[in-house]
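To start, the structure itself, in structure tokens.
In what follows, chains are A, B, ... by sequence order, proteins preceding strands, each numbered from 1.
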Amino acid sequence: MKLRQTIGYQVIRDWLAENNRTPFDYQEEAWQLILSGSSGLVNAPTGYGKTFSVFLGALIQYINEHPETFRSKRPQALQLLWISPLRALAKDIGRAMEEALQALGIPWTVGIRNGDTPTSERQKQKRKSPEILIITPESLHLVLAQKGYPDFLKSLRLIAVDEWHELIGSKRGVLVELAMCRIAALRKEQETELSFSIVGISATIGNLEQAMEVLLSPLEQPGTIVRARLPKQTELISILPDEIEKYPWAGHLGLKLVEKIIPIIEASTTTLLFINTRGMSERWYQTILDVAPQLAGAIALHHGSIEQDLRLWVEDALHAGTLKCVVCTASLDLGVDFRPVETVIQVGSPKGVARFLQRAGRSGHQPGAVSRIYFLPTHSLELVEAAALKAAMDKEMIESREPFLLCYDVLIQYLSTLAISEGFNAEQAFREVRSTFCFREMTKAEWQQVLQFLVHGGQALQQYDEYKKVELIDGLYRITSRRVAMRHRMHIGTIVSDAMLKVKFVSGGYVGVIEEWFISRLEPGEVFTLAGRNLELVMIKDMTVLVRKSSSKKSIVPSWMGGRMPLSANLGQLLRHTLNEAGKAGPENIELYALAPLFELQNQLSQVPEENELLIEQIETKDGFHLYVYPFEGRLVHEAMAAILAYRISKIQPISFSFAMNDYGFELLSDQPIPVDDTNVYELFSTDNLFADIQRSVNSTEMAKRKFRDIAVIGGLLFQGYPGEHKKARHLQASASLLFKVFQEYEPDNLLMRQAYQEVFDQQMEETRLRNMLERIQQSRIILRFPEKLTPFCFPIKVDSKREQLSSESLEDRVRKMQLQLLK
DNA sequence: GACCTGCTGCGGTTTG
């Protein structure tokens, strides 16, 4: 069917024109895709109306099929399933859809199904289905856990998977894959003439083709990628210290440059200030108020440990334009389309090209407009990242998001889900599950193990009734216990969080959450900071921290245990490449030019490595003998490499080390000379016996034990407690360790155990990247240098390793003193 | 088990 000749097209085009909505260059292509009943992926920068285009495509299809009656007829059955990873966005999207439907006179209804949906509303949706349902991956699985779900889903014409780039690189993506394989199979059973499509909506990532393949895998037919053609332009402006020589060589906070951002904030209507960690965002917020008290009331704080209500208030105020600046963490990364801002500032390394561009894209939000982002380095060398990011934007070197493979924990959860609703047939389920990208390599034997596990709790746990959940009844695997079913429903999902304590005023009102280990260090009467307020600890009761407002000037800023996002491989490569120009760059290359004095000193003492070189520095200080290596591969790879290198050196001669590392390099420190020289250095970085050496040097069992906790929770082996129930994090960890031990002893090839080790290799050590690095080093020139004192390159690593012994004030003094000594 | 810089995201009931 030719799109332009259809009535649906006319109706929608007329309506868009009446409302002065600019058409997007890719829009008709997206509509044609949906109209032809095919599947695919729509890719465009934020602000290019991806969401709306796909929604309108569904309407065009409907109008075309009911040209006379589309304004009167009500299907009263689900037509469009809208999967969105963010609860908070559902209302915005739903409202926009409702407005359009009303304007067009199409009597469809929009429903929202997620954890916020009240029970009454859920029941209503079941009795009378809305035509559009906006849902999270988790809630979709809860639908699959309901009896009669096939009827509910049978009328579906289109599934839109919004923000697919966010989901694909996580286990939440696996939830989506599994739901797709079930729904696709349902639709095949129905033998209907009506088309059924899956359309992913994605920002740009390195592996867009693969992202589509993963999503559409169960359909067993190729898809089409629809791309916006208009390129997005981004401009990066570095915030430079006045005298680079005096700017700290180490550190992560960057507060020294606070004066420079005040004029930027004042000159723009709204500014987002992105900070890498929650703790540092609290300190930035406070500091800005200290140096610019006139901003009081016009500036707010937003991060993941602040109470939802407060965050919503901030988001609304941002939307309404009553705030001039929001200091935030990645909590404001998503939800872009509905909250545009004028200016964006990134403090410290964004760690990856994609994240940086996404944040930049929050400004200059209209198609064709230039996005502008300021970059504020937290130590001198970090300025190189600004230069590298500029190159990345030219070359469009955007990271890939690797899909997860063979997540048996998620599979076990999914099969339990089916077992409590309609039950499943083993043969059929095997075929369906194997049609997903995630499980296409699963063997029959592994599938049998999964079934065994569901029915008997596997080999190791078979004497415990608690782990026997599923029964085979008349050829179908089912869960009949209502108690088990209820527990399971409450555990659907793949996000396992640490136990947090709620923080609440004695007078009532919640402020946010804090981690157990942090608050247990404080005595009643001590003051800490949360959500920008100074709070005095009164007491801890029932997993709630009771506080009152404090006017004390002294306050402890909490830290939260977060993820450790390492520098991405792309950004690392670009950094190495950028260093080629160090010392040669002219004034047009602002960042490198500013860094010239630093590079000069580095060259004087040691050397600035080029792209095809690996620099190793050996320095003797009063602390002992240091060996510094600079692969620029991110701290996880460096952590593993440090352990492997230490092990390999110790085979030459007995010697013990302590380690330190950051995203640029790592340090080995010993009290005796380190035997690394021209004769053995290539061998020390060889890929030979890598696997064996990893096993001997890195404590992978301990790492796997940690990973296993999450796997056991997702796989339903560990019960986290009923909502509102108070279970300490310790207990969960303890029971996970116990299970781990049992498997280790009685069932070492258990699927979930193997998965834990696999996750350690893939995620904790980034094994592929480690191997690639060693192969690269073998092709490089290794440069050994013996500087007489610390160099600008090793300085930040050295400072980080000192940090544990010093408080932050004395650390700052110490850094200044060390730096001054070197400059003499 | 955490602190040494260290993010985000989700989630219950049922069947007359």
Touch check for A:Thr277, heavy atoms < 4.0 angstrom, all strands: base, sugar-phosphate only, or nothing?
base
Once you round it to whole Å, what is the distance between P of B:dG1 and CG of A:Leu738?
12 Å
Per nearest nucleotide of DNA chain B, the residue lying toward the 5' end, A:Ser305 or A:Ile492, is A:Ser305
Ranking B:dC10, B:dG12, B:dC7 by distance to the side chain of A:Leu142, first place goes to B:dG12
A:Ser658: side-chain contact (heavy atoms from CB on, under 4.5 Å) partners, not counting sequence neighbours
A:Leu669
Is any side-chain N or O of A:Thr494 closer than 4.0 Å to OP1 or OP2 of B:dC10?
no
Taking atom P of B:dG11 as reference, at what distance in whole Å does atom CZ of A:Arg172 sit?
8 Å
Examine the base of B:dC3 for any acceptor or donor lying under 3.5 Å from a partner atom in the side chain of A:Arg521, and report the outcome as yes or no.
yes
If you check every side-chain atom of A:Thr119, which of B:dC10, B:dT13, B:dA2 has the closest atom?
B:dT13
May I ask you to verify whether the side chain of A:Lys126 and the base of B:dT14 hold a donor-acceptor pair under 3.5 Å?
no
Between P on B:dC7 and NE2 on A:His303, what's the gap in Å once rounded to a whole number?
9 Å
Enter the distance from A:Thr701:OG1 to A:Met753:CE here, rounded to the nearest 0.5 Å.
8.5 Å
Could you tell me how far apart A:Met490 (CE) and B:dT14 (P) are, to the nearest whole angstrom?
12 Å
Picking from B:dG1, B:dC7, B:dT13, the nucleotide nearest the side-chain atoms of A:Arg706 would be B:dG1
Could you work out the separation of B:dG6 and B:dA2 based on their C1' atoms and round it to a whole Å?
13 Å
Out of B:dC7, B:dT14, B:dC3, minimum distance to the side chain of A:Ser559 belongs to B:dC3
For the side chain of A:Leu86, starting at C-beta, report the closest nucleotide among B:dC10, B:dG6, B:dA2.
B:dC10
What is the distance, rounded to the nearest whole Å, between atom CD1 of A:Ile134 and atom P of B:dC10?
14 Å
Selected nucleotide, minimal atom distance to A:Ile495 side chain, candidates B:dT8, B:dG9, B:dT14:
B:dG9
Can you tell whether the side chains of A:Glu138 and A:Arg172 come within less than 4.0 Å, N to carboxylate O?
yes
Nucleotide of B:dG6, B:dT14, B:dT8 approaching A:Thr329 most closely (side-chain heavy atoms):
B:dT8
Rounded to the Å, how far apart are A:Leu253 CG and B:dG6 P?
11 Å
Write down the distance separating the P atoms in B:dG11 and B:dC7, rounded off to the nearest Å.
22 Å
d(NE2, A:His252; P, B:dC3) in whole Å:
15 Å
Taken to the nearest whole Å, CG/A:Asp409 to C1'/B:dC10 is 15 Å
Between B:dG11, B:dG1, B:dG6, which nucleotide has the shortest distance from any of its atoms to the side chain of A:Arg709?
B:dG1
Check this for me: does the side-chain of A:Gln123 come within 3.5 Å of the base of B:dT14 through a donor and an acceptor?
yes
Has the side chain of A:Ser139 got a donor or acceptor that lies under 3.5 Å from a partner of the other kind on the base of B:dC10?
no
Any A:Arg564 side-chain N or O less than 4.0 Å from OP1/OP2 of B:dA2
no
Side chain of A:Ala330 only, please: which of B:dG1, B:dT8, B:dG12 is the nearest?
B:dT8
Does B:dT14 have its OP1 or OP2 closer than 4.0 Å to a side-chain nitrogen or oxygen of A:Arg122?
no
May I ask you to check whether A:His491 and A:Phe719 place their ring centres under 6.0 Å from each other?
yes
Using the glycosidic torsion, which applies to B:dG12: syn (within 90° of 0) or anti (everything else)?
syn
A:His302 or A:Asn114: which one's nearest nucleotide on DNA chain B is closer to the 5' end?
A:His302
For A:Asp309, check salt bridge (Lys or Arg N to Asp or Glu O under 4.0 Å) against everything at least two apart and list the hits.
none
Can you check whether A:Phe708 and A:Phe740 have ring centres sitting under 6.0 Å from each other?
yes
Parallel, tilted or perpendicular: ring planes of A:Phe356 versus A:Phe375, cut at 30 and 60 degrees:
perpendicular
Does a nitrogen or oxygen in the side chain of A:Arg87 sit under 4.0 Å from OP1 or OP2 of B:dT8?
no
Taking the side chain of A:Glu138 as heavy atoms from C-beta outward, which of B:dC10, B:dC7, B:dT13 is closest to it?
B:dC10
